[in-house]
Protein chains: 4
Amino acid sequence: MLLSLDLDSETPLYEQLRNRIIIGIATGELAEQEKLPTVRQLADDLGINAMTVNKAYALLKQEGYIAIDRRHGAKVSARQQGKVDAVPEPELERKLELLIAEAAIRGVDPSRFHQLCARIFSKMSYQP
Amino acid sequence: MLLSLDLDSETPLYEQLRNRIIIGIATGELAEQEKLPTVRQLADDLGINAMTVNKAYALLKQEGYIAIDRRHGAKVSARQQGKVDAVPEPELERKLELLIAEAAIRGVDPSRFHQLCARIFSKMSYQP
Amino acid sequence: MLLSLDLDSETPLYEQLRNRIIIGIATGELAEQEKLPTVRQLADDLGINAMTVNKAYALLKQEGYIAIDRRHGAKVSARQQGKVDAVPEPELERKLELLIAEAAIRGVDPSRFHQLCARIFSKMSYQP
Amino acid sequence: MLLSLDLDSETPLYEQLRNRIIIGIATGELAEQEKLPTVRQLADDLGINAMTVNKAYALLKQEGYIAIDRRHGAKVSARQQGKVDAVPEPELERKLELLIAEAAIRGVDPSRFHQLCARIFSKMSYQP
DNA sequence: GTGGTCTAGACCACG
DNA sequence: GTGGTCTAGACCACG
């Protein structure tokens with residue numbers, strides 16, 4: 001997986017990194033149980049501070065996306081089939097509401113929005 | 001429209017305010033041309049500094065959501081019917097991709113996600 | 001001459017008014033010695049405060065563009081042929097420098113800029 | 001680059017600062033990718049508040065003239081060679097129209113105006 | 001150490 | 001009375 005960061009972005013580097021890894025997991029670019037680069041390795045590759053990568057990994061671990069094993073480093077968590085959310089999280093709903101509000105004001109109608117979602121979903125390998 | 005801010009949130013106060021107003025416009029709680037409270041009034045009501053409200057208003061103005069008329073203060077912009085985006089903005093797509101990735105990993109399937117979108121869209125008054 | 005103001009503009013109303021009248025004089029829409037509407041008349045026509053029109057007229061008078069005669073109201077000043085600036089004012093130069101800097105950064109080259117100036121000048125009737 | 005502000009000017013300090021930096025970029029006094037002083041440093045040098053400098057930087061960033069990199073502070077944006085405007089912006093045209101009207105009334109003829117533009121352009125390093 | 005956010009308080013331009 | 005500008009001073013996120 002190729003990672004590229006935008007140094008001039010509003011989004012903090014550690015968050016960009018987190019986001020890219022989550023998308024990588026969802027699309028299958030990063031397989032379940034796949035080993036991630038070490039903190040130092042990734043920091044060197046991206047030319048950023050190791051602390052920044054560490055922060056991204058810690059966040060991903062806390063959110064359950066990856067597991068950090070002292071012996072084997074970080075790897076993508078196994079998908080917890082049983083733990084599937086019955087109801088989408090309020091957080092997701094809150095973010096989606098804002099996105100849809102912005103889109104609606106700009107004249108994006110529900111069917112066009114739905115098409116866009118479908119297109120993005122089709123790139124995800126995590127569909128049951 | 002009832003506005004409430006979360007002082008403990010990561011999201012800056014001015015951004016929370018901006019987000020709430022955008023949702024208010026999209027849902028129709030705030031009608032086109034409706035007058036917003038004055039900067040000082042809203043700051044008093046929310047118990048925050050006037051400059052924080054000022055920053056939210058300035059951002060909304062810059063993004064075209066509201067107009068600031070020196071005679072009557074801030075009001076919701078008229079919807080530019082002609083200016084509807086032919087294609088959703090790349091920014092929207094980028095944010096939506098991350099949201100869908102997070103949802104997909106949590107086991108939300110396309111049809112459930114679609115239902116959620118439809119439900120949110122139904123609250124918006126901005127459908128053509 | 002048709003005057004229209006943008007109530008949502010950054011530019012104060014009295015300044016918009018002043019600018020439009022100056023352009024009107026330069027293009028010849030307003031002839032030398034032509035009588036301007038009374039303050040009250042213009043304020044009513046534009047739906048703005050009489051004080052705002054008054055401020056625009058006072059500014060134009062101070063700058064020498066119009067003369068205000070208590071008996072006959074405001075009229076466009078006669079062009080003072082003798083008083084032609086030998087050297088463009090530093091104020092003009094300062095404003096033009098900023099405009100050209102912005103244009104240059106955006107990739108507008110001197111010849112394109114010159115064409116634009118020529119096109120605008122051709123609309124002015126005040127060429128000797 | 002030497003920056004000086006006019007405390008008695010009508011033009012807000014943050015806007016004077018923005019204007020000077022834009023001219024600095026256009027003339028090449030500030031090179032592409034050159035690092036700008038930190039907000040606090042510049043505020044101290046100019047004897048003004050850091051928030052005022054902050055506002056100028058935020059504006060320049062929003063307009064694309066500078067980029068703010070969390071690691072190294074603010075720096076002049078790379079010129080987007082591909083993104084050159086095919087047609088000068090209406091904003092530029094509007095401002096130029098007023099400037100030319102004022103000049104024409106004062107008796108500045110097209111050729112003199114053209115000379116002035118040429119002289120200013122010759123100080124800009126941004127010519128292709 | 002950097003910019004980002006926020007506050008309290010002040011004065012001014014505009015209308 | 002409204003928003004715009006500015007100050008002094010503080011704390012925090014990011015790296």
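Computed over heavy atoms, backbone and side chain alike; hydrogens, waters and symmetry mates excluded.
In this structure, D:Q41 atom CD and E:dG1 atom C1' are separated by 12 Å, rounded to whole Å. Taking atom CG of D:D44 as the reference point, atom C1' of E:dG1 lies 14 Å away to the nearest angstrom. The nearest whole Å value for the distance from the CG atom in B:L17 to the P atom in E:dT5 is 14 Å. In this entry the distance linking NZ of B:K75 with P of F:dG3 reads 13 Å, nearest Å. When the P atom of F:dG1 is taken as reference, atom CG of B:D69 falls 18 Å away, rounded to whole Å. Rounded to whole Å, atom P of F:dT5 lies 17 Å from atom OH of B:Y57. Rounded to an integer number of Å, the gap from CG of B:L36 to P of F:dT2 is 13 Å. At whole-Å resolution of the value, NZ in D:K35 and C1' in E:dG1 are 10 Å apart.
Residue pairs that meet the side-chain hydrogen bond (donor to acceptor under 3.5 Å, both in side chains) test with at least one member in residues 42-52 of chain C, sequence neighbours left out, are C:Q41-C:D45.
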Dot-bracket notation for DNA chain F, counting Watson-Crick and G-U pairs under 3.5 Å, with | for partners on another strand
||||||||||||||.

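Qualifying side-chain contact (heavy atoms from CB on, under 4.5 Å) partners for D:S9, counting only residues two or more places apart in sequence or in other chains: D:D6, D:T11, D:Q16. In terms of the side-chain hydrogen bond (donor to acceptor under 3.5 Å, both in side chains) criterion, residue partners of C:R94 (sequence neighbours excluded) are, by chain and number, C:E91. Remark: C:A50 pairs with C:V39, C:A43 by the side-chain contact (heavy atoms from CB on, under 4.5 Å) rule, at least two apart or across chains.
The backbone N or O of B:A31 sits less than 3.5 Å from a side-chain atom of B:E34, completing a donor-acceptor pair. The backbone N or O of C:E10 sits less than 3.5 Å from a side-chain atom of B:R70, completing a donor-acceptor pair.
Salt bridge status for C:E63 with D:R106: absent, with no side-chain N to carboxylate O gap under 4.0 Å. Ion pair B:E89/B:K95 not flagged as a salt bridge, since none of the NZ, NE, NH1 or NH2 atoms sits closer than 4.0 Å to an Asp/Glu carboxylate oxygen. A salt bridge does not link A:D8 with D:K61: every distance from a Lys NZ or Arg NE/NH1/NH2 to an Asp or Glu carboxylate oxygen is 4.0 Å or more.
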Determine, for nucleotides 7-15 of chain F in 5'-to-3' order, which nucleotides have protein heavy atoms under 4.0 Å from the base (write B), from only the sugar-phosphate (write S), or from neither (write -).
BBB-B--SB

